[in-house]
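Side chains are part of it too, since the values below use all heavy atoms of this structure and drop only hydrogens, waters and symmetry mates. What you see is a predicted model; the values in this text were computed from it and never measured.
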Amino acid sequence: MLNLYFSLRLKLLLPTRQSSALLHTHDCTIPSPPLTKQAFTSLLKSSSSHPNQLKQIHALLTTTGLSIKNSLITQLLTSFILLGDMTYARRLFDEMHKPRSFLWNNLIKGYVKNNLSIEATAIFGQMQRIGVHPDQFTFPFVLKACAELDDLWGGVEVHAHVVKFGLDFDAIVRTELMIMYVKFGELVSAEYLFESMTLRDLVAWNALIAAYVQTGHAGKAIWRFRQMGSAGIKPDSVTIVGALSACAHLGCLEIGKQIDQFVIDEGLESNVFVNNARLDMYAKCGNMDMARSLFNKISQRNVISWSTIIGGYAINGESEKALDLFSKMEDEGVQPNHVTFLGVLSACSHAGLVSKGKNYFEYMAWSEDRNIQPRIEHYACMVDLLGRSGHLEEAYDFIKSMPIEPDSGVWGALLGACTIHQNIVLGPYVADVLFDLAPETASYHVLLSNMYAAAERWDDVEKVRRRMRKKGMKKIAAYSSVESNSEIHVFHGGDRLHPQSESIYKVLEELIKQMKGIGYVPKTSAVLHDVEMEEKEVTLSTHSEKLAIAFGLISVRPEYPIRVLKNLRICDDCHTFSKFVSRITKREIIVRDKHRFHHFNDGVCSCKDFW
DNA sequence: TTAGGGTTAG
């Protein structure tokens with residue numbers, strides 16, 4: 001410390017460029033000159049990215065008792081905020097006498113940028129208590145913090161302050177307010193703010209579109225994107241990323257292709273965000289050939305590009321290609337991250353590559369230079385891999401040996417595996433764990449009830465259902481959608497809401513008759529009610545994906561595949577049904593369910609009936 | 001002396 005003290009003093013006397021060389025060579029006592037503000041400032045500048053040096057400067061500053069201290073502490077504080085050391089930044093802040101309001105703002109910004117939203121809102125509260133006026137620079141970050149904390153009432157209160165300080169028509173504050181309400185799911189409020197904006201600029205449109213996509217309202221995002229075009233506002237790369245991401249969510253290949261053409265026409269092909277969004281759109285629309293040729297074409301690729309394409313192959317069931325690309329990625333010197341490994345593990349999982357998956361898991365965690373600690377999602381992936389391939393006991397032991405507390409995702413993977421393998425002993429036990437962990441989640445109850453139904457244990461089915469009723473739980477309604485002529489058509493089980501319903505049901509009836517002739521037997525165990533056989537068949541024959549496929553057959557041009565998106569997992573019977581349809585009609589049917597793709601061609605599914 | 005929008009998974 002003593003040596004450093006003199007080093008610093010020496011540095012302060014010398015121009016910055018020479019000082020670092022001298023820092024290492026000096027070894028004698030230096031006479032102590034007066035320290036000037038300029039000298040401190042230049043030292044702070046040259047040390048701004050070295051926290052330890054900054055801390056030592058702070059110590060030195062404390063001993064000097066300079067009258068210029070406040071402004072120097074301000075500089076130190078700014079450096080620590082930029083470095084993300086909010087603990088030290090706070091210590092400096094608390095040392096200051098009456099910090100100016102921009103410092104309050106900076107501190108809040110620092111907290112928000114470092115995911116410390118509670119601290120950010122606490123500082124805002126402190127500002128109010130001691131009467132520091134917030135301004136247009138304060139609110140955007142406080143609103144972000146409220147959104148992050150999912151604190152609706154806190155957010156509404158801040159909104160009231162925004163109005164009180166006359167800032168509700170400030171474009172930036174208003175945009176942040178709007179984003180916050182979308183994130184709360186308060187779309188009406190968000191839309192009101194958007195519609196009544198005096199200056200509805202490109203950023204406001206982009207913010208709304210992106211927020212819609214991020215909160216699962218991809219359809220609304222597409223609607224706004226089209227509206228934006230009609231309003232004569234030209235999209236930029238940020239708009240495009242949002243719109244493509246919406247297409248990826250919805251599996252809309254036609255709209256996605258149109259946007260892709262816009263990217264080419266407008267010369268946005270060099271933007272890495274845009275290209276990654278394009279890759280993801282093709283992958284999530286089940287078109288890996290397009291995704292791959294694009295991937296080969298783009299010059300600038302980052303870890304997200306690689307993770308996207310690897311994950312794309314994984315969900316499309318092309319595990320070998322996913323794993324090949326992973327080694328190519330490493331050959332090219334691109335460091336995989338934890339998301340890349342999720343793709344790799346899921347590729348193994350979807351193909352039942354148990355020992356390979358285990359190797360990758362070890363490889364990820366224990367290689368010294370990589371040192372990516374497995375997160376809860378990786379553990380869930382491993383449980384899925386082991387469980388799905390039938391190693392239920394091992395999966396259970398794996399959970400028991402986890403160094404972190406398993407969450408509902410991990411146990412949920414095991415419950416899913418128990419359902420697939422009809423393990424009626426382990427299944428109910430795992431379900432009980434889940435009912436404690438996530439009492440409000442209906443899907444775990446549904447899985448258990450499915451398991452009992454398949455075992456024809458109707459009393460137990462009824463028990464589970466009673467429990468669900470008691471808790472006011474409702475199953476998530478299953479739906480399937482098909483894109484035709486750039487429009488999205490949505491179907492629910494048994495519904496007749498579509499204008500072409502009559503033809504759809506006629507096609508369906510005809511198909512089933514033909515299929516039965518060549519060996520199709522409806523798997524009535526997929527229907528959970530304890531009802532008569534015939535009624536079971538009727539319910540089964542009108543599952544949403546069957547309606548969607550039937551509609552696809554009459555509306556999608558024959559040279560194109562029929563692309564169906566389902567919000568839940570495809571059921572056994574619909575899987576068999578789709579195989580038969582692809583064989584009879586010679587049409588390619590692509591179904592994207594909650595977890596992965598099924599490409600049906602001439603009676604065979606790409607998942608090899610393992611899903 | 002500061003402020004708004006973007007990609008992978010979950």
Report task. Examine A:R224 relative to A:Y212 and say whether NZ or CZ is less than 6.0 Å from the centre of the six-membered ring and inside a 45° cone about the ring axis. Result -> no

What nucleic acid atoms does A:I376 come within less than 4.0 Å of, heavy atoms only: base, sugar-phosphate, or nothing? nothing

| query | Reckon A:D236 touches a base, only the sugar-phosphate, or nothing at all at heavy-atom distances under 4.0 Å? | reply | base

> Using a cut-off of 4.0 Å on non-hydrogen atoms, how would the nucleic acid contact of A:D280 be classed: base, sugar-phosphate, or nothing?
Replying inline: sugar-phosphate

Between A:W104 and the options A:F124, A:F93, A:Y111, A:F137, the ring-ring contact (aromatic ring centres under 6.0 Å, His included) test singles out A:F93

Requested in this report: With heavy atoms under 4.0 Å as the rule, sort A:T308 into base, sugar-phosphate or nothing.
Outcome: sugar-phosphate

Looking only at B:dG6, B:dT2, B:dG4, the nucleotide nearest the A:K144 side chain is B:dG4

Would you kindly check whether a donor in the side chain of A:N276 faces an acceptor in the base of B:dG6, or vice versa, at under 3.5 angstrom? no

Of B:dT2, B:dA3, B:dG4, the nucleotide closest to the side chain of A:A204 is B:dG4

message = What contact category does A:Q214 fall into here, base, sugar-phosphate, or nothing, at under 4.0 angstrom with non-hydrogen atoms?
response = sugar-phosphate

Winner on side-chain proximity to A:N302, out of B:dT8, B:dG4, B:dT7, is B:dT7

Test side-chain contact (heavy atoms from CB on, under 4.5 Å), reference A:M329, set A:V303, A:D324, A:I309, output is A:V303

By the 4.0 Å heavy-atom rule, please label A:A283 as base, sugar-phosphate, or nothing. nothing

From the candidates B:dT8, B:dG4, B:dG6, the one with an atom nearest any side-chain atom of A:E176 is B:dG4

Please determine whether a side-chain nitrogen of the Lys or Arg among A:R569 and A:D593 lies less than 4.0 Å from a carboxylate oxygen of the Asp or Glu. yes

message: Please determine whether a side-chain nitrogen or oxygen atom of A:Q136 lies at a distance below 4.0 Å from atom OP1 or OP2 of B:dG4.
response: no

Out of B:dT2, B:dG4, B:dT8, minimum distance to the side chain of A:S307 belongs to B:dT8

- Scan A:V274 against the nucleic acid and name what it touches under 4.0 Å (heavy atoms): base, sugar-phosphate only, or nothing. base

Whole-Å distance, A:I259 CD1 to B:dG6 P, equals 17 Å

Check: Contact class for A:F139 vs. all strands (heavy atom < 4.0 Å): base, sugar-phosphate, or nothing?
Finding: nothing

request  = Would you mind classifying the nucleic acid contact of A:S237 as base, sugar-phosphate or nothing, using non-hydrogen atoms under 4.0 angstrom?
outcome  = base

Per atom distances to the A:L342 side chain, the nearest of B:dA3, B:dG10, B:dG6 is B:dG10

>> With the stacking rule set at 5.5 Å and 30°, tell me whether A:F137 counts as stacking on B:dA3.
In response: no

Need one value for A:E377: base, sugar-phosphate or nothing, where a base atom within 4.0 Å counts as base even if backbone is also close, heavy atoms only. sugar-phosphate

Quick note, A:V173 side chain, CB onward, closest among B:dA3, B:dT8, B:dT2 is B:dA3

**Report entry** A:Y192 OH: over 12 foreign heavy atoms closer than 6.0 Å
**Finding:** no

To the nearest angstrom, the CH2-C1' distance between A:W104 and B:dT2 comes to 16 Å

Q: Flag yes if more than 12 heavy atoms outside A:I404 fall under 6.0 Å of its CD1 atom; otherwise flag no.
A: yes

Rounded to whole Å, CG of A:L345 lies from P of B:dT8 at a distance of 19 Å

| query | Between A:K113 and B:dT2, is there a side-chain N or O to OP1/OP2 distance below 4.0 Å? | reply | no

- Could you tell me whether A:A277 contacts a base, only the sugar-phosphate backbone, or nothing, with contacts defined as non-hydrogen atoms closer than 4.0 Å? nothing

